[in-house]
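The chain is numbered in sequence order, starting from 1.
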Amino acid sequence: MGDVVTAVAAAGLRVDFLHEHDHTLFRRFADLVEADGAYRRPAGAPRIPLMYSLRASSR
């Protein structure tokens, strides 16, 4: 993720937000369970970021 933020800044853009999400749209790992159209870690498992969203704008 650091490479992405660095590239955005190097392009002269300002990061407006960077959000981490504890779900993903694809079953990237075998232990993910589907709920409400997204995949999450099973109940009781530690929450970890599985996806992020970033918005950048010109300065």
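- Below 30°, between 30° and 60°, or above 60°: for F17 and H19 the angle between ring planes is below 30°, a parallel geometry.
- Here the closest non-hydrogen pair linking A56 and L13 is CB-CB, 4.1 Å.
- The distance from the CG atom of L18 to the CZ atom of R55 is 12.0 Å, given to the nearest 0.5 Å.
- Within the 3.5 Å criterion, the main-chain N or O of D22 finds no donor-acceptor partner in the side chain of R41.
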Kindly determine whether T24 and F29 satisfy side chain to side chain contact (heavy atoms under 4.5 Å, CB included), including the steps that lead there. CA-CA 10 Å; T24 183; F29 306 105; over 6 Å; no
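- To the nearest 0.5 Å, atom CZ of residue R47 and atom NE2 of residue H23 are 11.0 Å apart.
- Residue D31 places its CG atom among more than 12 non-hydrogen atoms of other residues, nucleotides or ligands, all under 6.0 Å distant.
- Residue Y39 comes nearest to F26 through the heavy atom pair CD1-C, 3.5 Å, listed as atom of the first residue, atom of the second, then distance.
- Between the CG atom of L50 and the CZ atom of R40 there is a distance of 9.5 Å, given to the nearest 0.5 Å.
- Atom CG of D16 has more than 12 neighbouring heavy atoms from other residues, nucleotides or ligands inside a 6.0 Å radius.
- Following chains of ILVMFWY side-chain contacts shorter than 4.5 Å, one can reach M1 starting from V15, so the two form part of one hydrophobic cluster.
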Walk me through whether V4 and Y52 qualify under side chain to side chain contact (heavy atoms under 4.5 Å, CB included). CA-CA 11 Å; V4 172; Y52 67 91; 3.3 Å; yes
